[in-house]
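Below is one structure, written out as structure tokens; comments come after it.
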Amino acid sequence: MIYLRRLPRVRSAGLAVLWFGVALMVCPAATWAQRAPIIVASKPFGESFLLAEIFAQLLESRGFEVGRRFGLGATEIAFQALRTGAIDIYPEYTGTGLVAVLDRSPEGSAGNVFRTVSREFRERWGAHWLPPLGFENTYAIAVRRGSAEADSLRTLSDLARVADRYIGGFSPDFIGRTDGLPGLQTAYGLRVQAQRSLLQAVKYEALDRGEVDVVDGYSTDGRIDRYDFVVLEDDLDFFPPYEASPLVGRRLWETRPEAVRALSELAGMLDEGSMRTLNRRIEVDGEGLETVARDALTDMGLVAGPAIRIVRGVEARTGSLWVYLLDRRAEILDLTIRHILLVLVSLVGATLVAIPLGLILERGRRSAEAVIRVIGLFQTIPSIALLAFMIPLLGIGVVPALVALFLYSLFPILRNTYTGIIDADPAAVDSARSLGMTEGQILKYIRFPLAIPVIMAGVRTAAVITVGTATLAAFIGAGGLGDPIVAGLALSDSRMILSGAIPAAMLAFVVDGALGLLQKIVTPTGLEVAG
Amino acid sequence: MLDQASSTDGPALSAKDVVKRFGSAPVLDRVTLSLERGDIVALVGESGAGKTTLLRLFNRMISADSGEVCVGGRNVNTLNPVQLRRSIGYVQQEGGLIPHWTVLRNAALVPRLRGMASPDELASMALQLVGLPSEEFGNRRPHELSGGQRQRVALARALAAEPEIILLDEPFRALDAITRAELVEGVQGLLQEIGVTALLVTHDIRTALEIANRVAVLRGGRFEQIAPAAELRSSPASPYVQQLLHRAGEASTTAEGAAIGEASAR
């Protein structure tokens, strides 16, 4: 009966880990709230990172404490976060606000659009658009020069004629937005032969290599010039004006007017040319975000000289990966620990729910398959979608990430628990029943112990999946090893991507190994061979 | 604890006009059988003849559709199934030992379930009885034993609580010929010695003739013959029984058996 006495202890140890982990992750957030740093966020692409860093450094230079939550999933996630007060400010584009948030049709002059979004956001959510930064970043639909010449393409109307022979490579955002692909289809009758969902970071290269034939880019993108691409003219003026502005949430607006004033100083300071240059320095030349943002602020005359904090100097991206990783070991260790906590807490939580549930289902086999299938449905929801669904309920940050990871972990553990218990050695079960064991005793003394190896296999599967999925938690600001992956993708910095991806892969390896060891320990003697 | 099967009135085991169907096909078709205390009866027949079904009616692992099944003179439907099973020994084909339990713990299962005093001592005695002294074998796990040894442990487990009745479902089937021969001999002596009422299911008529006082031949859910071993040999009641004996090399008059065997094969 050893394992039975061990069980309550395992359970309380599990609960302890759970609370400890949640406390570790939530407490810093709680103390932040008291000291009330201003949370600056960005969406997951280079320009958004850079503008957010500019906001952050400007605020810091004026003595405000700043928390950075860069790389939030997409418009939906970033705006939900702003609306619910999880973040205070992020750079947004007026056209995006009009179409993606307000769900209006994309039309009107830049000034009209700005007035519309200002009024609507203020009335509906108490959110405020600060004066535009001075440049527009509209969609730039680009093709290879070769295709442009062969099909004599100059405008989007030209493209619409031949698009049925083209394969599109578009960002997921663009594919879904009414001011994106669906709108283009309506306005121009533009239908591509097939489309692929590609991240900004890999899109241009895919176009250059001929894997796709047309992509959506941004007009201020630093990389378009680098390739021999042709940007097609929006001859029907389909795309709305996309003026970039700091979008400020209700709390900051109401409680920190001096911070809002400081950010307003950025109005009109960045024209399209200078923005493209800044983007290019990051995305093509590989300069550090902090450096480029600091230089931009110095050039604007908003902060004095190089006196502000220098976090990491300019680093060329040609240095060895090992040196890079070594330089950042403290940061990587922090992220890894946070990642482990995310995985551990959600996994322990899922184990504490799924195993008892599996045991209960053995006693109610009629409903078992239905219950397991319903829980399996969570598995079919794409991670990003699940994370986005969480925001209205739980905001952004650690808690929704834990809930999402928990939901993903349930299924493999539950399925294996139930299967292991149902399939436990039929001869042993039959003879135990024939000798007068009750069904409860059979479950406790025979089915459960015999199922332990199978259950542990489920836990291991869930753990490896969770280590991988937890990298996506970066999209909702939960931190972890996804942070450098998302940032690296946005900034076209493959070393940064690897500084998250390599530890994540190693972690998956280590976690699986550790659980394998645990499996050996908790498997009752006699099952290793007999199983 | 009330030993539900130890009531003294009536036969130890009895089935009267029992019908059991799985789906529409009757597996047992108005079967009647009775075992007095100390009786050792073997149920013989081909697979699908209904042997195991009949066996499992007595410990309520299966319920009859109609007819009466009694243990110790009491209808099993009036008895608590869990208590009933704890009072009857049971050995199945593959032993069914609990793989992560030691031999001693396996053997002590029923005494422990019944809350008897010193279950480990009872288990030790039972293990001694089947020739596996617990000093040597008690701490081993089932996977460390041979197939024959495992069946002996299963037998010890069935006997440890000193039941008056034991049900054996093909206990020798999974064993090789030599091990089987040894074990059959051992079991035969043991059952006689402790005076337990035993019902044994086997497809092998030789085993049945060797162990049992009486042999009951089942075919298609009906009894062809129930008779002491000697009587079965000397006067088989049907061509089928004759054929069974003949195939097993147990027929008394070979020529006649062959003739009848051929006749029934036609």
Do the side-chain N and O atoms of H203(B) and E46(B) include a donor-acceptor pair separated by under 3.5 angstrom? no

Heavy atoms only: give me the nearest N416(A)-G458(A) pair and the separation to one decimal. ND2-N, 3.1 Å

Give a yes or no answer on whether the side chain of S118(B) reaches the backbone of D120(B) with a donor-acceptor pair at less than 3.5 Å. no

Could you verify whether a donor N or O on one side chain and an acceptor N or O on the other, from R365(A) and Y418(A), lie under 3.5 Å apart? no

Quick check: closest heavy atoms across V398(A) and R338(A), and the distance to 0.1 Å? CG2-NH2, 3.0 Å

Chain A contact via R85(B) - which portion, at a heavy-atom distance below 4.5 Å: both

Toward chain A, the part of V110(B) with a non-hydrogen atom under 4.5 Å: side chain

Out of Q93(B), R141(B), R56(B), return the one with the most heavy atom pairs under 4.5 angstrom to chain A. R141(B)

Measuring heavy-atom distances to chain A, does L109(B) have an atom under 4.5 Å in its side chain, in its backbone, in both, or in neither? side chain

Using heavy atoms and a sub-4.5 Å threshold, report which of residues 425-442 of chain A line up against chain B, by residue number. D425(A), A427(A), A428(A), D430(A), S431(A), R433(A), S434(A), L435(A), G436(A), M437(A), T438(A), Q441(A)

Do N106(B) side-chain atoms and T102(B) backbone N/O form a donor-acceptor pair below 3.5 Å? yes

Heavy-atom pair count under 4.5 Å with chain A, highest-scoring of E144(B), E94(B), M61(B), R60(B): M61(B)

Worked verdict on D176(B) versus T179(B) for side chain to side chain donor-acceptor pair (under 3.5 Å): CA-CA 6 Å; D176(B) 62 84; T179(B) 314; 2.7 Å; yes

Matching residue for T52(B) among I62(B), V27(B), D169(B) - test: side-chain contact (heavy atoms from CB on, under 4.5 Å): D169(B)

